[in-house]
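First up is the structure itself, then whatever we jot down about it.
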There are 2 protein chains.
Amino acid sequence: MGLSQTRATNGHVSRGKPTIIDVAQHAGVSKSLVSLALRGSSGVKPETRQHILNVAQELGYRSNTWARNLAQGRSGMIGILLNDLSSAYHTDIAQGIEAAATTVGLSAILTHGHRDEEALSARLGHMQDLGADGIIVVSAALNPQHLATAAARLPIVVVGRPAAVPDTVGSVWNNDELGARLAVEHLAGLGHTRIAHLSGSPRPASRARLASFHTTMTDLALPEPHQVFHGPHALVHAMGDPATARTAPTAVFASNDRRAAKLHAAALDAGLRIPEDLAIVGYDNTELATLLRPQLTSIDQPRHEMGQRALHMLVDMLGGQPPRRDVVEPRLIARGSTIPNSA
Amino acid sequence: MGLSQTRATNGHVSRGKPTIIDVAQHAGVSKSLVSLALRGSSGVKPETRQHILNVAQELGYRSNTWARNLAQGRSGMIGILLNDLSSAYHTDIAQGIEAAATTVGLSAILTHGHRDEEALSARLGHMQDLGADGIIVVSAALNPQHLATAAARLPIVVVGRPAAVPDTVGSVWNNDELGARLAVEHLAGLGHTRIAHLSGSPRPASRARLASFHTTMTDLALPEPHQVFHGPHALVHAMGDPATARTAPTAVFASNDRRAAKLHAAALDAGLRIPEDLAIVGYDNTELATLLRPQLTSIDQPRHEMGQRALHMLVDMLGGQPPRRDVVEPRLIARGSTIPNSA
DNA sequence: GAACAACTGTGGAACGTTCCACAAATGACA
DNA sequence: TGTCATTTGTGGAACGTTCCACAGTTGTTC
């Protein structure tokens with residue numbers, strides 16, 4: 001009839017990317033059988049399967065993800081939502097998640113929200129639209145309300161201490177109370193009594209560290225007042241001011257490494273010696289801690305392991321199990337910022 | 001007939017997530033009209049549109065991405081492939097891309113390949129399967145071959161100097177030759193003559209910096225041999241060894257900040273003064289540069305802008321324009337690691 | 001008030017898979 | 001050789017959209 005395109009027996013016109021139907025026609029079987037063969041079903045005669053595989057191979061066939069997901073109603077893909085892409089702490093966790101995901105045959109996609117609640121919510125919605133089977137939220141300052149509504153639709157695991165945990169979401173975090181205690185005890189064990197805390201944002205993890213700082217100070221019967229600072233300069237200034245120098249701290253536990261590094265810099269700028277004039281403990285044990293001189297004593301969280309645990313919890317939840325609450329133990333890594341003569 | 005599910009007029013059984021058909025039925029119109037209304041087509045009477053929007057809203061309808069993509073054959077989504085998630089340099093570029101993507105109404109998904117070529121290729125394929133309309137590859141050590149075959153299917157832009165650029169892919173990079181020249185000239189301007197280079201991996205950007213180091217040294221008529229080191233300790237050792245100390249470098253241009261920071265630490269560990277005994281220039285001007293003491297002089301690349309440019313190029317390519325080659329200019333940020341008494 | 005154009009709205013066929021209820025072929029057994 | 005079970009393979013209906021060719025409805029104009 002003078003048709004300009006390749007018209008095959010069945011009325012299917014082949015053009016553009018090869019589809020399962022193209023494979024079927026070239027192999028002389030039905031599309032259903034191709035589908036079965038490609039997915040490794042048992043009810044296909046080995047030789048036919050091999051034949052189909054060959055044809056698919058030489059046609060350069062790749063299954064269309066959209067069509068597959070639409071038909072199956074699932075995607076085999078999980079979403080990772082990071083609060084902040086520029087935080088090494090967050091990205092390390094993400095890598096732990098991905099490594100674990102790969103081993104169980106799930107693929108992962110990543111997004112982040114620039115530490116902004118609005119952006120984070122939008123991203124969360126976007127990942128759902130994209131069809132993630134489950135989502136792991138890393139340390140995100142997400143509205144618990146949003147979290148809960150999302151959790152009603154698909155499994156969600158939060159890594160990092162959430163504000164208020166709806167019990168429909170799983171969670172993995174490190175024992176901030178223990179971490180803060182380790183830091184203070186370490187400093188007290190070195191003879192410090194005027195130990196201050198350099199506190200962070202009002203986020204749950206920081207708050208927990210702050211609270212534990214107080215209770216540990218009390219438990220160790222260290223002298224009141226327990227000083228809490230919010231910026232490195234205020235602290236350094238207090239040490240330099242004759243009016244306050246006598247009561248100024250000799251040691252500081254900072255709520256994270258980045259903050260500790262800023263204090264480290266400010267102290268050196270002020271001509272203070274570390275650790276002789278001021279001992280510093282950070283939190284997170286990021287690479288930064290090993291690049292400063294003296295190196296930074298820090299509380300280590302097993303980030304990679306936390307990511308793995310989160311993924312496994314998510315997999316369990318995908319399998320219908322209820323969410324859990326998983327708390328891992330941090331440990332202290334002693335370095336030169338508290339121990340003299342150790343680099 | 002005793003059916004157990006809500007059976008609607010048309011034979012459509014409503015269950016689970018609401019579909020466009022549910023909206024149509026509740027609004028008393030056809031699914032086609034709902035589709036038109038939701039996508040803001042002009043041929044819909046304003047009141048009906050509003051009515052449909054209301055119904056969709058109260059049903060909590062969200063369009064199914066898979067079905068939409070399948071029907072439209074495009075996704076409105078671009079992929080960002082990072083070489084390494086833990087590099088601040090890479091993630092900053094990614095953020096520039098995303099910011100720009102948001103302004104033009106594209107959404108972006110992120111993946112990365114742990115600096116591993118195999119993993120990177122797999123991710124590239126995965127993003128194509130996922131239906132990205134275009135992909136921006138950030139600094140990835142991807143086989144040019146793979147890049148080319150991918151570029152045959154969809155627009156690709158590479159940020160960072162690629163090994164060999166197939167001219168079917170767009171690219172954005174910083175002028176490494178100029179960057180290296182700025183570094184060497186800065187050090188020479190401060191009176192240094194024995195300037196060494198701390199070189200990086202054999203990747204294109206590092207190689208370009210190395211080459212430009214040599215030509216600039218020659219142009220400035222600085223004494224041979226032009227020393228190149230591959231590890232901080234070799235360099236510090238050379239300075240400490242009486243046999244080589246007399247000819248050892250007094251200044252170093254390192255191929256990136258991280259490497260510079262390690263040298264910085266090694267130098268301090270060896271009791272050297274920075275910049276008096278050893279001046280250091282890094283590359284990338286990451287936050288790390290401002291946290292060290294003394295702070296690190298570094299070559300700044302406009303990472304955010306590079307990301308934006310990459311995205312705009314990709315958008316142009318999606319619109320059918322040919323790929324371009326875009327080179328941006330770096331500048332030197334002078335700090336205490338080269339200038340005495342400046343923190 | 002007939003003819004025609006401009007608006008609004010509709011139904012059904014894609015899109016490329018999977019899933020399900022069957023059909024056809026093969027083999028086993030009496 | 002007929003019966004029945006098992007293995008292989010098939011066709012068509014989903015999945016939830018968009019797109020296209022049309023069908024109704026209004027309004028305008030002579």
Side-chain angles (χ1 to χ4, degrees), chain A residues 5 8-25 27-52 55-56 59-76 128-131, chain B residues 5 8-52 55-56 59-77 128-131:
Chain A
Q5 283 175 310
T9 53
N10 194 13
H12 172 76
V13 178
S14 163
R15 62 184 188 282
K17 286 186 63 174
T19 76
I20 203 173
I21 296 189
D22 295 316
V23 178
Q25 287 176 346
V29 297
S30 72
K31 61 178 180 15
S32 310
L33 193 56
V34 175
S35 177
L36 291 174
L38 291 175
R39 287 177 298 149
S41 151
S42 57
V44 178
K45 189 156 58 172
E47 337 163 18
T48 350
R49 171 204 307 293
Q50 192 53 55
H51 176 221
I52 293 175
V55 171
L59 252 49
Y61 170 76
R62 304 203 66 160
S63 151
N64 179 316
T65 311
W66 299 329
R68 177 161 24 84
N69 292 353
L70 180 59
Q72 288 191 144
R74 34 163 265 115
S75 68
Q128 290 180 66
D129 287 347
L130 239 169
Chain B
Q5 284 175 310
T9 52
N10 194 13
H12 172 75
V13 177
S14 164
R15 61 184 188 281
K17 286 186 63 174
T19 76
I20 204 174
I21 297 190
D22 295 316
V23 177
Q25 288 176 344
H26 280 79
V29 297
S30 74
K31 61 177 180 16
S32 308
L33 193 56
V34 175
S35 176
L36 291 174
L38 291 177
R39 286 178 298 150
S41 150
S42 58
V44 178
K45 189 156 58 171
E47 335 163 18
T48 354
R49 173 206 306 294
Q50 193 52 56
H51 177 220
I52 292 176
V55 171
L59 251 49
Y61 170 77
R62 305 203 65 161
S63 150
N64 179 315
T65 311
W66 299 330
R68 177 162 24 84
N69 291 353
L70 179 59
Q72 289 192 144
R74 35 163 266 114
S75 67
M77 185 181 77
Q128 290 180 67
D129 287 346
L130 239 169

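Here the structure is a predicted model, which is why all the values come from computation and not from measurement. Numbered from 1 within each chain, the chains take letters A, B, ... in sequence-line order.
Nucleotide D:dT10 holds its P atom 10 Å from the CG atom of A:Leu36, rounded to whole Å. Atom CZ of B:Arg74 is separated from atom P of C:dA14 by 22 Å (rounded to the nearest Å). Between the C1' atom of C:dA14 and the CG atom of B:Asn69 lies a distance of 16 Å, rounded to the nearest Å. Here D:dT17 presents its P atom at 12 Å from CD of B:Gln72, a figure rounded to the nearest Å. Rounding to whole angstrom units, CZ of residue B:Arg62 and P of D:dT17 are separated by 12 Å.
Closest-nucleotide positions on DNA chain C for B:Pro46 and B:Ala67 were compared, and the one nearer the 5' end corresponds to B:Pro46. The 5' end of DNA chain C is approached more closely, in terms of each residue's nearest nucleotide, by B:Val44 than by the other of A:Ser35 and B:Val44. In terms of position on DNA chain D, the residue among B:Trp66 and B:Arg39 whose nearest nucleotide sits closer to the 5' end is B:Trp66.
Side chains of A:Asn64 and A:Thr19 form no contact here, defined as non-hydrogen atoms less than 4.5 Å apart.
Checked against C:dT18, D:dT17, D:dT8, the side chain of A:Lys45 finds its nearest nucleotide in D:dT8. Distance from the side chain of A:Leu33 is smallest for D:dT10 among the nucleotides C:dT18, D:dT10, C:dT8. For B:Ser63, the listed nucleotide lying nearest its side chain is D:dT17; candidates were C:dG9, C:dT17, D:dT17. Among the nucleotides D:dT17, D:dG11, C:dT18, the one closest to any side-chain atom of A:Ser30 is D:dG11. The side chain of A:Ile20 lies closest to C:dT17 when the candidates are D:dG9, C:dT17, D:dT18. Distance from the side chain of A:Thr48 is smallest for D:dG9 among the nucleotides C:dT17, D:dG9, D:dT17. Closest to the side chain of A:Lys31, out of D:dC15, C:dG12, C:dT18, is C:dT18.
Nucleic acid contact class of A:Arg49 (heavy atoms, under 4.0 Å, all strands): none. Within the 4.0 angstrom heavy-atom criterion, no nucleotide atom of any strand lies near A:Thr65.
Separation of atoms CD1 (B:Ile52) and CG (B:Leu33) is listed at 4.0 Å; rounding is to 0.5 Å.
Rounded to 10 degrees, the angle separating the terminal helix axes of the helix from C:dG1-D:dC30 to C:dA30-D:dT1, each built from five base pairs, is 50°.
A:Val29 pairs with exactly one of A:Val34, A:Leu36, A:Val55 by the side chain to side chain contact (heavy atoms under 4.5 Å, CB included) rule, that one being A:Val34.
Taking every heavy atom of both residues into account, B:Ile20 and B:Tyr61 meet most closely at N-CE1, 3.4 Å. The heavy-atom pair separating B:Ser30 from B:Ala24 by the smallest distance is C-CB, 3.7 Å.
Considering only residues two or more places apart in sequence or on other chains, A:Thr65 meets the side-chain contact (heavy atoms from CB on, under 4.5 Å) condition with A:Arg68, A:Asn69, B:Asp129. Remark: A:Gln50 engages A:Leu53, A:Asn54 in a side-chain contact (heavy atoms from CB on, under 4.5 Å) (not counting sequence neighbours).
If you check distances only, the side chain of B:Ser32 does reach the base of C:dG11 with a donor-acceptor pair under 3.5 Å. Counting distance only, with no hydrogens placed and no angle test, the side-chain atoms of A:Lys17 and the base atoms of C:dG16 include no donor-acceptor pair under 3.5 Å.
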